[in-house]
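Just so it is clear, the model here is predicted, and its values are computed rather than measured. In the text below, chain A, chain B and the rest are named by the order of the sequence lines, each starting its count at 1.
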Amino acid sequence: MENVVELKGVTKNFKGFSVENMNLEVKQGCITGFIGENGAGISTTLKMIMNLLRPDAGEVNIFGMNYRQHEKEIKQRIGFVCDSNVYYEGLNVKDIKRIVAPAYKQWDDALFHRYVDQFELPLNKAIKKFSKGMQMKVSLAIALSHQAELIIMDEPTAGLDSIFRRELLHVLQELKEDRQRTIFFSTHITTDLDRIADYIAFIHKGNLIFNYSTHEIEENYTLVKGSLDLLDWETEQVFVHVHRTSTGFEALAKNIQDVEHTFGNDVIMERASLEDIMYHYKGGMKHAKFNMA
Amino acid sequence: MLNLIRRDYILLKWQILIFIPFVLFFIFFGDHLDPAFIFLIASFYISFSTYTYDEKAETNRLLNSLPYTRKEIIASRYLGGMVHMIVAIAFTSALLFIFNKPYTVTDIAISSALFLVFASLFFPLFYVIKKGFFTPVVIISFLVISFIGPPIASFFANHVTAVTNFINNLSVPALYSGSVLVSMFIYAVSWGISVIIYERKAF
C-alpha cells in the first residue's frame, strides 16, 4: 500500500513545546484518525502537512513530492477542513465559492451543488449567520468538490451535535468506498473513530506513540484488571501505566502475550478503547511509569 | 494569480458602491484640495479596504491551504495594488471630468508616485503588525507623514542644495516620470521584503 503522507524525522520546536523526530505515514485509500490530548502537537503536525508551518528539521512528502518544488501540485490534490472558520464572515456561500473554485483545476460545480443540497446550505446567507456546524459543512462541501485525493480535517466534529457528527461520518464512509481517496483527520471524540477509522495515529507530548491499524491496536493493547498483590517492580514492567484503587488495579499493557506470560490466568483482560489508551498514556507521563514505544 | 486579484473585487463589492460617494465627497467639499490628493485617497481606499477585510478573517490560512505559493500570494498583493490604483484613478478621473473639475496628468503622476511609496511602507507592515493593529497604524502613520513630511522635505531642500539643484535642473516631464520610476523601484524593493517576511511566517 502506498503512502500518501510521509513525515521523516520531522521536528518543530516552540517555547516549552516541541514535536520531536516524528515519523508518520498515512496510507492511501484509508481513513486514519489522528488522536492525542490537547496540546499534544496535533495541530502543529497538521499544519506542517499543509505547509502552513515549516519544520525545523526533517522531511514532509505528500504524494511522494515535497513542498519546496511542488507546492501547487500537492495542494491541488488536497481538500483541507480547518478547525475554525477561515472564510470571510460577511460573504455568502456563493461568493466564497467564487473565490475558492477558480484556484482548483478540477473544481466540479455540479458536485458542489450536490453537497450544498445534501447539507441544506443556504447560498445567499452571510456565513457569519451560520452555526458552527453549518460553517463546518461549508468547509466540507468546498473540500470535497475538487476531486481531492487526500482530505485533511482538523477536529471536524468538535463542538458539533451528535446528529451532524453522524451525518459527517456517513459522508466519510461514502468517500471511503472510493479506495483512491485518503482521509486523515484529528479528533478528540474517539468513539467517532471506532466506527470508521482503518488506522489510528496517536501523538503524546509531541511524540508519535503509534500508528497502527485498528486491528493491530486490538491485538496489542489490553486493559488488565487484578488484585494489588500481583504487582511488584518486575510484573509492572509489562504495563504502560497502572492505576491502583483500594480494591485492585487497572492497567494498560501494549503486548497481550507479555501479560499472559507474566500473569497467566490471574488477571482479567479486556479490550482497551482508544480513550483507555489515551487516559493511561497521559497518566503514565504523570507517574513516569511507562516505556515509550 | 488573477483569481487572487479578482478576489479583492468580490470582497469589496459593497465597498465599491460606497467608493463613488466617497470620492464625490472630496470632489465637492474639498475645493481647496489638490486633485492629486483626491487621486491618492481614492487609490488608498480600494487597496486598504482589502487589507482591513483580510485582517478580520483567517485569510492567510485560507489562501495557504489553496493551491497558491506564498510568492504568488504576495505578487497578487503588489500587482493588485497597482490594478487598484489604476481603477481608482480611472474612476476618479471620470468623476472629475463629469463634474467639470480640472486636473492634469501631473496630478495623476504625483498621486501614483505617492501611492506607490506609501504602499511600499505599509504593505510589508501588514505581515509584521499584530492582527487588529494594522488599520490604526496605517491611519496614524499616514496622518503623521502628511503633517511632518512636507516640512522635512523643505528642510532637506534648503540644506541639501546639491539635490535641490539637480531636481531644479530637470525638465518637468523628466521630473515626474523620474519620480514614478523611483517610486516603482521602491515598490519593487518592498515587494521583495514582503516575500522574505511572508515565506517565514507560520499560519
Side-chain angles (χ1 to χ4, degrees), chain A residues 12 14 43-44 46-56 67-92 94-107 126-128 135 138-139 142-143 146 148 150-154, chain B residues 1-19 46-77 79-80 83-84 126-127 131-132 134-135 195-203:
Chain A
K12 182 79 196 174
F14 295 104
S43 287
T44 304
L46 289 178
K47 280 179 183 177
M48 287 194 282
I49 293 174
M50 283 305 295
N51 201 32
L52 297 173
L53 192 66
R54 290 179 181 164
D56 297 334
Y67 276 112
R68 269 189 312 283
Q69 286 150 328
H70 303 282
E71 173 145 25
K72 291 175 80 168
E73 290 99 307
I74 293 172
K75 286 184 177 168
Q76 281 288 348
R77 296 161 71 183
I78 300 181
F80 182 53
V81 177
C82 215
D83 59 343
S84 58
N85 175 40
V86 291
Y87 299 111
Y88 306 94
E89 291 194 330
L91 293 192
N92 58 33
K94 220 167 161 182
D95 283 336
I96 289 170
K97 189 206 84 177
R98 283 170 68 208
I99 288 174
V100 175
Y104 292 107
K105 286 179 190 157
Q106 295 211 63
W107 181 267
I127 201 159
K128 66 180 162 202
Q135 289 179 353
V138 175
S139 295
I142 287 173
H146 58 94
L150 170 63
I151 312 280
I152 297 176
M153 296 183 286
D154 191 3
Chain B
M1 178 119 61
L2 284 176
N3 294 328
L4 286 173
I5 299 174
R6 207 175 131 248
R7 173 192 76 114
D8 289 345
Y9 289 93
I10 297 173
L11 284 176
L12 294 180
K13 60 181 176 185
W14 301 115
Q15 265 108 322
I16 296 286
L17 291 178
I18 310 167
F19 173 75
I46 302 184
S47 249
F48 283 90
S49 297
T50 62
Y51 273 101
T52 47
Y53 222 112
D54 279 355
E55 217 188 352
K56 285 181 217 145
E58 296 259 19
T59 310
N60 285 320
R61 274 174 101 180
L62 168 66
L63 296 183
N64 282 282
S65 65
L66 296 176
Y68 296 116
T69 61
R70 294 188 183 199
K71 281 193 182 75
E72 281 178 326
I73 293 168
I74 295 296
S76 78
R77 279 286 182 214
L79 293 176
V83 170
H84 303 330
F126 183 71
Y127 303 108
K131 221 173 150 184
F134 180 67
T135 312
V195 168
I196 294 169
I197 297 170
Y198 200 64
E199 289 275 2
R200 291 169 184 206
K201 272 185 86 89
F203 302 111

Subject >> Atom group of R98(A) that falls short of 4.5 Å from chain B, counting heavy atoms >> reply: both
Original post:
Taking the side chain as C-beta and beyond, is there a heavy-atom pair between R61(B) and M50(A) under 4.5 Å?
Top reply: no
Subject >> Contacting moiety of K72(A), where chain B heavy atoms sit under 4.5 Å >> reply: both
**OP:** Could you have a look at L63(B), L4(B), I10(B), T69(B) and say which one has the most heavy-atom pairs with chain A under 4.5 angstrom?
**Re:** I10(B)
Original post:
Should L66(B) and F80(A) count as side-chain neighbours, where that means a heavy-atom distance under 4.5 Å?
Top reply: no
Original post:
Hey, which of L62(B), N60(B), N64(B) is the one that makes side chain to side chain contact (heavy atoms under 4.5 Å, CB included) with V86(A)?
Top reply: L62(B)
Original post:
Which atom pair, heavy atoms only, marks the closest approach of A103(A) to P67(B)?
Top reply: O-CG, 3.3 Å
Original post:
Measuring heavy-atom distances to chain A, does N3(B) have an atom under 4.5 Å in its side chain, in its backbone, in both, or in neither?
Top reply: side chain
**OP:** Give, as side chain, backbone, both or neither, the part of E71(A) having an atom under 4.5 angstrom from any heavy atom of chain B.
**Re:** side chain
Original post:
Is K201(B) atom NZ crowded by more than 12 heavy atoms from other residues, nucleotides or ligands, each under 6.0 Å away?
Top reply: yes
Original post:
Does the side chain of L91(A) reach to within under 4.5 Å of the side chain of L11(B), using non-hydrogen atoms?
Top reply: yes
**OP:** To the nearest 0.5 angstrom, please state how far the CZ atom of F203(B) sits from the CG atom of N51(A).
**Re:** 10.0 Å
